[in-house]
Amino acid sequence: QVQLVESGGGLVQAGDSLRLSCAASGRTINNYNMGWFRQAPAKEREFVTAISVSGGRTYYADSVKGRFTISRDNAKNTVYLQMNSLKPEDTAVYYCAAGSILTIASTYREWGQGTQVTVSS
């Protein structure tokens, strides 16, 4: 079982950037596809992006394409989410997840506790 801890969230203004980190422990993430999801108040958890084991394949929700970038450093057992040109609608709790590369949350086996991102206008 792998434990995931997100960090890097905070309060920023529209147009700013943030980089989220997802540090894994317990097991290496070398064999896990990884993803990021987010959940805004009173909304369903939604897919943001995912990355394959090798990092060679990445997928993005249309709403973040061109602004967000997922990456991974298997040597550091960490996955990153670089978020640029942030918008107020990006405000949500962001979750790191392991075990899938699909857009469906239930296909992921392990989840972090989340980190809050708030974007003011």
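Sequence positions, counted from 1, serve as the residue numbers for this chain.
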Practice item. Taking Tyr108 for its side chain and Leu102 for its backbone only, find out whether a donor-acceptor pair lies under 3.5 Å. Key: yes
**Study point:** Heavy-atom closest pair, residues Val64 and Val48
**Key:** CG2-O, 3.6 Å
Check your understanding: Among the clusters formed by ILVMFWY side chains lying less than 4.5 Å apart, do Val79 and Val2 turn up in the same one?
Key -> yes
Review point. How would you list all residue pairs meeting salt bridge (Lys or Arg N to Asp or Glu O under 4.0 Å) that involve residues 15-35, not counting sequence neighbours?
Key: none
Point to revise | Closest contact, heavy atoms only, Pro88 versus Ser120 | key: CG-C, 4.5 Å
Exercise for review: Among residues two or more places apart or on two chains, list those pairs meeting ring pair (Phe, Tyr, Trp, His ring centres under 6.0 Å) that have a residue in residues 38-91.
Suggested key: Phe37-Phe47
Review point. Looking at residues at least two apart in the chain, or sitting in another chain, which of them share a side chain to side chain contact (heavy atoms under 4.5 Å, CB included) with Ala40?
Key: Lys43, Ala92
**Study point:** Side chain Asn84, main chain Ser17, donor-acceptor under 3.5 Å
**Key:** no
Exercise for review: Tell me, please, which residues at least two apart from Gln116 pass side chain to side chain contact (heavy atoms under 4.5 Å, CB included).
Suggested key: Thr91, Val93, Thr118
Revision key, fill the gap. Thr78 meets the side chain to side chain donor-acceptor pair (under 3.5 Å) criterion, sequence neighbours left out, with none
Review point. Considering all heavy atoms of both residues, which atom of Leu20 and which atom of Val117 are nearest to each other, and what is their separation?
Key: CD2-CG2, 4.0 Å
Review point. Does the side chain of Thr28 come within less than 4.5 Å of Asn74's, by heavy atoms?
Key: no
Check your understanding: If every non-hydrogen atom of Leu4 is compared with every non-hydrogen atom of Ala24, which pair is closest and at what distance?
Key -> CD2-CB, 3.8 Å
**Study point:** Tyr94 with Val12, same ILVMFWY side-chain cluster at under 4.5 Å
**Key:** yes
**Study point:** Approximate separation, where rounding is to 0.5 Å, of Gln13 CD and Ser121 OG
**Key:** 9.0 Å
Practice item. Please list all pairs passing the salt bridge (Lys or Arg N to Asp or Glu O under 4.0 Å) test where one or both residues lie in residues 109-121, with sequence neighbours left out. Key: none
**Study point:** Donor-acceptor pair, side chain of Glu6 and main chain of Gly114, under 3.5 angstrom
**Key:** yes
Exercise for review: For the pair Asp73 (side chain) and Lys76 (backbone), establish whether a donor and an acceptor sit closer than 3.5 Å, ignoring hydrogens and angles.
Suggested key: yes
Exercise for review: Only counting residues at least two apart or in another chain, list the ones meeting side chain to side chain contact (heavy atoms under 4.5 Å, CB included) with Asn33.
Suggested key: Ser52, Val53, Ile101
Review point. Which atom names give the shortest non-hydrogen contact between Gly112 and Tyr95, and what distance separates them?
Key: O-CD2, 3.6 Å
Point to revise | Within residues 88-97 or reaching into it, pairs that qualify as salt bridge (Lys or Arg N to Asp or Glu O under 4.0 Å) - sequence neighbours excluded | key: Arg38-Asp90, Arg67-Asp90
Review point. Is there any disulfide (SG to SG under 2.5 Å) pair reaching into residues 23-75, and which pairs are they, with sequence neighbours excluded?
Key: none
Review point. What residues form a side chain to side chain contact (heavy atoms under 4.5 Å, CB included) with Ser25, not counting sequence neighbours?
Key: Gln3
**Study point:** Pairs where residues 53-90 contributes a residue and the test disulfide (SG to SG under 2.5 Å) is met, not counting sequence neighbours
**Key:** none
Review point. Got a second to check how far Ile70's CD1 is from Leu81's CG, nearest 0.5 Å?
Key: 6.5 Å
Exercise for review: To the nearest 0.5 angstrom, please state how far the NZ atom of Lys87 sits from the OG atom of Ser63.
Suggested key: 8.0 Å
Point to revise | Any donor-acceptor pair under 3.5 Å from Thr115 side chain to Gly9 backbone | key: yes
**Study point:** Sequence neighbours excluded, every pair satisfying disulfide (SG to SG under 2.5 Å) that has a member inside residues 65-103
**Key:** Cys22-Cys96
